[in-house]
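Quick notes on the structure that follows.
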Amino acid sequence: MTTTAGGLAIMTGSAASNQIGAAVGAHAFAAIGPAGVVAVRQFVAAAVLLPVARPDPRRFTWAQWWPTLLLGLVFATMNLALYTAVDRIGLGLAVTLEFLGPLAVALAGSRSRFDLLCAAGAGIGVYVLVLPSGSSDWPGIGCGVLAACCWASYILLNRLLGTRLPGLQAPAAATSVSALMYLPVVVVLVGQGRLTGTASLFAVGAGVLSSVVPYAADLIALRRVPARYFGVVMSVHPVFAALAGLVLLGQVLAVHEWIGIAVVVAVNVLAVRQNAGHGTAAAQHGERGHRRRLAAGGRADPQGGDATAGRGGRASGGQ
């Protein structure tokens, strides 16, 4: 198996584990509710990430603290919104709505006709998926959309924290913040005697399958595959969610729901491939221009650009 093929296989397995974990956690909703499952999941994730990343909050500056606190709030809100949506409208529909978050980030700010068509296609896919009517579960749909907004915020905050904290310190600290926010939920559940062995087992299983396994698998996979493939591979999440809901929860989707999922997934694949192609073409164009300037008598610029040789020449900085 090649390095790329191995990485893609790991990422696919990570996506499957994530959705199976969500389905496993759903079995504990009747006993401890979505909030209880999220609480246990956050504590499991923190217990795994903290020994690995070993963040030292005492040394955090305010520029590191405020996005970490926001990310912790996003973790807490995103997981609760998603699990509430799963409880009300089913796993496949909930995850597909949540998936609109990274798709929106991929399309945000673009003015190209193709990306606008992709955005319109995603809207059509969601409409077919939901088929709004008076009997629609609007609170459940709203929770799915809220989870999408949180996922988009998660991506943007992670990009910011990636420049301010090394390694896994940001998600480890943010997950700990989220776990502390859910501490009252755990205290209430224990006091009421609702955190039984079976419910705890399902919730811990959700934490392992939806947090621990994906964190480790994605770290390994991203060392083997180009980052641009990540968006394409993420497209399998709604499909795996629908299959996990069918097999593990008995949630049978209607034909229009499968069509809506297929449209949203196809739009994401097209958008990611198109944007990746533009990025590759731009990089190749810049490299060709750099070589032409060197062939014309230029000299390499130690900052990554080039400087035109001769009198009156000026530096051309790299972007």
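All values derive from a computational prediction rather than experimental measurement.
With Thr163 contributing its side chain and Leu160 its backbone, the two residues share a donor-acceptor pair below 3.5 Å. When atom types are taken as modelled, the side chain of Ser14 and the backbone of Ile10 share no donor-acceptor pair closer than 3.5 angstrom. Checking side-chain atoms of Ser210 against main-chain N and O of Ala22 turns up a donor-acceptor pair under 3.5 Å. With hydrogens and angles ignored, the 3.5 Å screen pairs a side-chain donor or acceptor of Ser136 with a backbone N or O of Ser133. For Ser178 (side chain) and Ala174 (main-chain N/O), no donor-acceptor pair under 3.5 Å exists by modelled atom type. Looking at Ser17, its side chain never comes within 3.5 Å of a backbone N or O of Gly13 through a donor-acceptor pair. Arg41 places no side-chain N or O within donor-acceptor distance of the main-chain N or O of Ala203, the cut-off being under 3.5 Å. For the pair Gln19 (side chain) and Ala16 (backbone), a donor-acceptor distance under 3.5 Å is absent. For the pair Arg194 (side chain) and Leu189 (backbone), a donor-acceptor distance under 3.5 Å is absent.
Between Leu71 and Ala170, the closest heavy-atom pair is CD2-O, 4.3 Å. Among all heavy-atom pairs drawn from Ala271 and Leu103, the shortest one is CB-CD1, 4.5 Å. In terms of heavy-atom proximity, Leu161 sits nearest to Thr68 at CD2-OG1, 3.6 Å. Across every non-hydrogen atom of Cys143 and Thr84, the tightest pair is SG-CG2, 3.8 Å. Considering all non-hydrogen atoms of both residues, Ala76 and Tyr182 come closest at O-OH, 2.7 Å. Between Val264 and Leu100, the shortest heavy-atom contact is CG1-CD2, 4.3 Å.
Taken to the nearest 0.5 Å, the CD1 atom of Ile32 stands 6.5 Å off from the OG atom of Ser200. Separating the CH2 atom in Trp66 from the CZ atom in Arg164 is a distance of 5.5 Å, to the nearest 0.5 Å. The CZ atom of Arg59 lies 10.0 Å from the CD atom of Gln169; values are rounded to the nearest 0.5 Å. To the nearest 0.5 Å, atom CG of residue Leu93 and atom CG of residue Asp137 are 9.0 Å apart. Here the CG-CD distance, from Leu80 to Gln42, works out to 10.0 Å after rounding to the nearest 0.5 Å. Interatomic distance, CE of Met78 versus OH of Tyr83, reported as 10.0 Å (0.5 Å rounding).
The aromatic ring centres of Tyr154 and Phe75 sit less than 6.0 Å apart. Two rings, from Phe99 and His237, have their centers 6.0 Å or more apart.
By the 4.5 Å heavy-atom criterion applied to side chains, Trp151 and Val74 are not counted as neighbours. Residues Leu97 and Ile89 are in side-chain contact: their nearest non-hydrogen atoms beyond the backbone lie under 4.5 Å apart. Counting heavy atoms from C-beta outward, Phe43 and Val204 have side chains that stay 4.5 Å or more apart. Using a 4.5 Å heavy-atom cutoff, the side chains of Leu69 and Leu73 are not in contact.
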Problem set entry | Chi angles and distances behind the side chain to side chain contact (heavy atoms under 4.5 Å, CB included) call for Phe29, Val86 | CA-CA 10 Å; Phe29 287 169; Val86 171; 4.1 Å; yes

Problem set entry | Audit row: Val40, Phe202, side chain to side chain contact (heavy atoms under 4.5 Å, CB included) steps and yes/no | CA-CA 10 Å; Val40 175; Phe202 281 131; over 6 Å; no

Going by atom type alone, with no hydrogens or angles, which donor-acceptor pairs under 3.5 Å involve a side-chain atom of residues 246-263 and a protein atom two or more places apart or on another chain?
from, atom 1, to, atom 2, distance (Å)
Gln251, OE1, Leu91, N, 2.8
His256, ND1, Val128, O, 2.8
His256, ND1, Leu129, O, 3.4
Glu257, OE1, Ala254, N, 2.8

Taking only distance into account, with no hydrogens and no angle test, what donor-acceptor pairs under 3.5 Å do side-chain atoms of residues 45-58 form with protein atoms, sequence neighbours excluded?
from, atom 1, to, atom 2, distance (Å)
Arg54, NE, Pro51, O, 3.4
Asp56, OD1, Arg58, N, 3.3
Asp56, OD1, Arg58, NE, 3.1

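Following chains of ILVMFWY side-chain contacts shorter than 4.5 Å, one can reach Val212 starting from Leu82, so the two form part of one hydrophobic cluster. Note on Val44 and Val190: same hydrophobic cluster, where clusters join Ile, Leu, Val, Met, Phe, Trp and Tyr whose side-chain heavy atoms are under 4.5 Å apart, directly or indirectly. Under a hydrophobic-cluster definition in which Ile, Leu, Val, Met, Phe, Trp and Tyr are linked whenever side-chain heavy atoms come within less than 4.5 Å, directly or via other members, Val267 and Ile124 are assigned to the same cluster. Note on Val95: it does not cluster hydrophobically with Val105, by side-chain heavy-atom contacts below 4.5 Å among ILVMFWY residues. By the rule that hydrophobic residues join a cluster once side-chain heavy atoms approach within less than 4.5 Å of another member, Leu168 and Phe60 end up as members of one cluster.
Within 6.0 Å of the OH atom in Tyr127, the count of heavy atoms belonging to other residues, nucleotides or ligands does not exceed 12.
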